[in-house]
Amino acid sequence: MPDSERVEHTAGAVETPAHVALRRAKRQALALLLVVTAVFVATSLVERGLLLNCIKAMAEAAMVGALADWFAVVALFRRPLGLPIPHTAVIARNQERIGRNLGTFVRDKFLDVPSLVALIRRHDPAERLSHWLLAPGNAALLGQQAVRLASAALETVQDAQVERFVQKAVRTLIGQLDLSRALAAVLGTLTHNGRHQALLEEVLHKLVEWLQNPETREWVAQTIVAWLKKDHPRTEKLLPTDWLGDKGSAMLARALETLMSEVAANPQHTLRAQFDGALQRFVERLRHDPEWLRKGEEIRTYLQTDPTVGEYAKTLWVDLRAALQRDLADADSVLARQVVKLGVWLGESLAADPALRQSFNTRMEGWVQGLAPDVSQFVAQHIQDTVQRWDAEQMSALIELNIGKDLQYIRINGTVVGGLIGLVLFGLSHAREIARAVAGG
C-alpha cells in the first residue's frame, strides 16, 4: 500500500473526527484505484474483442490518472514511497518560505491600514458596542469577566515580587522629587488668581459651624473655665466662671461669624491681604531659602532610606490585596457593580449621542492608522517565526489533516477523468471498427 494511505498524526495527537474523515477519504480513493486495476488485469487475461479492449483502455487510463494524482498529492507532503525524487515533500522543503509568505499575506491583505479603516467604517463599532452593552445581561457579563480577570491577576502575581517592586518604585519616585520646590509649585498653582481666598472663606465657614455645635461650645466653655482656674485662681473665685465660659464660647462664635461676613463682603479686607502675604512669603521660602531646600533634601533622603517607609509600602500592598480578594470573593462585588454601571452608562451614552459615536469611530480610525503598521508587522513576524519553528514533518501532517480530505477527491476525480479520457482516445483510434460494429449490428 502506498505510504500516503496511512493517516498521519502529529506527535502525541489523539484521534479526531478530522483523522477519521481523512482516513475514509484515502480508503475511498484507494478502493477506486484497486477496482480499475482489477478491471485492467481481468481484461488483459481473457480473450478480447472490441468491447473488452475499450474497457481495458478505459481502466488503463484510469489507473494512470489515479497514480499520477496520487503522486501529486503525496509529493506535497512527503517523498512518494520514500524515494528521493526531486521536487517532492514540497511543504516540508519550503517551510521557511511558507512561513514568510503566510506572514506577509496576513500583514498585507488582512491587517493593512486601508482594510482595517474600511472595516471600521463598514461596521460602525461604536453603535455595535452600544447595542451589545445595552442588551440584557451583557453588562453583568462584563462585570463577571472583570472579576475573573482581576482574580486571575491576583493569583498570578507573587506577593514578594510586588512588594519589592512597590518599594523600589516608591523610593525611585521619591528620589526624583524636589520636595521643597514641588510643594512651592503646588501652592503657587493653588494661589493663582486668588483661588486660595475661597479656601480662606471655606475655613472660616467650617470654623463657625464647628463653634456652633453644642458639644464644641461646651468644650470651649470648659476650656475657658479650666484656664481661669489654673492661671487666675483668685479671679475665678470672685466671678461666675460657668457663665463666663458659656458667654466666651458664644462671643467667639459671633466674632468669627462677623469676621467671615466682613471678609466675604470686602475683597480688600486686611485678613485677605495678610493671608496673601503669608502664603507668598511661604512659597518664596520654599523656592529659594537654602534652609528649606536643605530640609527638603533631608526629608527626601530619609524617605528613601528609612526602612519604615519601605515597610509602610509593603503594608499598603498587603492591605490592598486583602481588600481586593475579599471584594472579588463576594457575590455582590463592588468591582463588578462599578463595571456594570460603567458599561450601562457607556452603552446609553453611545446610543443617545450620534456625535459621540462618530467621535469614537474617528478615534478608532486614528488608533488603527497609528498602531496597525507596527501590530501587523509584529503579527507577520510571529506567524513566520512560529511556522519556521514547527517540525517540518508535523507541519506537513497538520496541513494534510486539514486539507487532505479534499485532495483525496482530486485522486478520485483523476481516476474518473483518466478513464473518460481513455474511453475517448480509444473511440478516436478505433472509430472505423466501432462504426462497422454498429453498422453490422
What are the two closest non-hydrogen atoms of Asn138 and Trp132, and how far apart are they?
ND2-O, 2.6 Å
Per-pair distances, 0.1 Å, donor-acceptor, side chain in residues 380-387, under 3.5 Å, sequence neighbours excluded:
from   : atom 1 : to     : atom 2 : distance (Å)
Gln381 : NE2    : Asp385 : OD1    : 2.9
Gln381 : NE2    : Asp385 : OD2    : 3.4
Thr386 : OG1    : His382 : O      : 2.7

Testing the basics here: between Met58 and Gly419, what is the closest heavy-atom pair and its distance to 0.1 Å?
CG-O, 3.1 Å
Does any N or O in the side chain of Ser376 come within less than 3.5 Å of the main-chain N or O of Ala372, such that one atom is a donor and the other an acceptor?
yes
Please round to the nearest 0.5 Å and tell me the distance separating atom SG of Cys54 and atom CG of Leu425.
11.0 Å
Close side-chain approach of Glu348 to Leu134, heavy-atom, < 4.5 Å:
yes
Below 4.5 Å, heavy atoms only, C-beta onward: do Lys341 and Val344 meet side chain to side chain?
no
Would one find more than 12 heavy atoms of other residues, nucleotides or ligands at under 6.0 Å from atom CZ of Arg363?
no
Could you check if a side-chain atom of Phe378 sits within less than 4.5 angstrom of a side-chain atom of Asp374, using non-hydrogen atoms only?
no
Counterpart residues, side chain to side chain contact (heavy atoms under 4.5 Å, CB included), relative to Ile412 (two or more places apart):
Gln28, Ala29, Leu32, Tyr409
Given 3.5 Å as the limit, does a donor-acceptor pair link the side chain of Asn402 with the main chain of Leu398, or not?
yes
With a sphere of 6.0 Å drawn around CD of Gln145, does it hold more than 12 non-hydrogen atoms of other residues, nucleotides or ligands?
yes
So Ile399 and Phe77, do their side chains get closer than 4.5 Å, heavy atoms only?
yes
On a heavy-atom basis, which atom in Thr415 and which in Ala66 lie closest, and how many Å separate them?
OG1-CB, 3.0 Å
Donor-acceptor pairs are to be reported for all side-chain atoms of residues 350-360 against protein atoms at under 3.5 Å, with residues two or more places apart or in another chain.
from   : atom 1 : to     : atom 2 : distance (Å)
Asp353 : OD1    : Ala355 : N      : 3.1
Asp353 : OD1    : Leu356 : N      : 3.2
Arg357 : NH1    : Leu350 : O      : 2.7
Arg357 : NH1    : Ala351 : O      : 3.1
Gln358 : NE2    : Thr362 : OG1    : 3.2

Please check if atom CD in Gln95 has more than 12 non-hydrogen atoms from other residues, nucleotides or ligands closer than 6.0 Å.
yes
Applying ring pair (Phe, Tyr, Trp, His ring centres under 6.0 Å), name anything that partners Phe426, two or more places apart in sequence or on another chain.
His430
Within residues 113-136 or reaching into it, pairs that qualify as salt bridge (Lys or Arg N to Asp or Glu O under 4.0 Å) - sequence neighbours excluded
Arg121-Glu365
Minimum side-chain heavy-atom gap Arg23-Arg27 below 4.5 Å:
yes
Report the distance from atom CZ of Arg24 to atom CG of Leu22, rounding to the nearest 0.5 Å.
10.5 Å
Run the side-chain donor-acceptor check on residues 331-338: report pairs under 3.5 Å with partners two or more places apart or on a different chain.
from   : atom 1 : to     : atom 2 : distance (Å)
Asp332 : OD1    : Arg337 : NH1    : 3.2
Asp332 : OD2    : Arg337 : NH1    : 3.1
Ser333 : OG     : Asp327 : O      : 3.4
Ser333 : OG     : Asp327 : OD2    : 2.8
Ser333 : OG     : Leu335 : N      : 3.2
Ser333 : OG     : Ala336 : N      : 3.3
Arg337 : NH1    : Asp332 : O      : 2.8

What pairs with Asp108 under side chain to side chain contact (heavy atoms under 4.5 Å, CB included), at least two apart in sequence or on another chain?
Thr104
Among residues at least two apart in sequence or on other chains, which ones pass side chain to side chain donor-acceptor pair (under 3.5 Å) with Arg326?
none
Determine whether Leu142 and Leu133 make a side-chain contact, defined as any pair of heavy atoms from C-beta on separated by less than 4.5 Å.
yes
Spacing of CZ belonging to Arg100 relative to CD belonging to Glu96, to within rounding of 0.5 Å:
5.5 Å
Once rounded to the nearest 0.5 Å, what's the spacing between atom OG of Ser396 and atom CZ of Arg78?
7.5 Å
What salt bridge (Lys or Arg N to Asp or Glu O under 4.0 Å) pairs are there with at least one residue in residues 55-74, not counting sequence neighbours?
none
Value rounded to 0.5 Å, distance of CG in Asn94 from CG in Asn101:
9.5 Å
Supply the atom-to-atom distance Gln408 CD to Leu30 CG, rounded to the nearest 0.5 angstrom.
9.5 Å
Lys/Arg-Asp/Glu bridge criterion (N-O < 4.0 Å) met for Glu400, Lys26:
yes
Checking side-chain contact (heavy atoms from CB on, under 4.5 Å) for the pair Val368/Val375: CA distance, chi angles, key distance, verdict?
CA-CA 9 Å; Val368 164; Val375 173; over 6 Å; no
Are any side-chain N or O atoms of His123 and backbone N or O atoms of Ile120, one a donor and one an acceptor, separated by less than 3.5 Å?
no
Using side-chain contact (heavy atoms from CB on, under 4.5 Å), reason through Thr37 and Leu33 one step at a time and then give a plain yes or no.
CA-CA 6 Å; Thr37 302; Leu33 172 59; 3.9 Å; yes
Taking all non-hydrogen atoms of both residues into account, name the closest pair between Ala139 and Val340 and its distance.
O-CG2, 3.4 Å
Closest heavy-atom contact between Ala146 and Val339?
CB-CG2, 3.8 Å
Give the minimum heavy-atom separation between Asn361 and Ala126, together with the two atoms involved.
OD1-N, 3.1 Å
For Ile85, check side chain to side chain contact (heavy atoms under 4.5 Å, CB included) against everything at least two apart and list the hits.
Phe71, Leu83, Thr88
Return the set of residues passing side chain to side chain contact (heavy atoms under 4.5 Å, CB included) with Leu420 (not counting sequence neighbours), or none when no residue passes.
Val416
Tell me, please, which residues at least two apart from Phe110 pass ring pair (Phe, Tyr, Trp, His ring centres under 6.0 Å).
Phe105
Contact between Pro125 and Met364 at the side-chain level, heavy atoms closer than 4.5 Å - yes or no?
yes
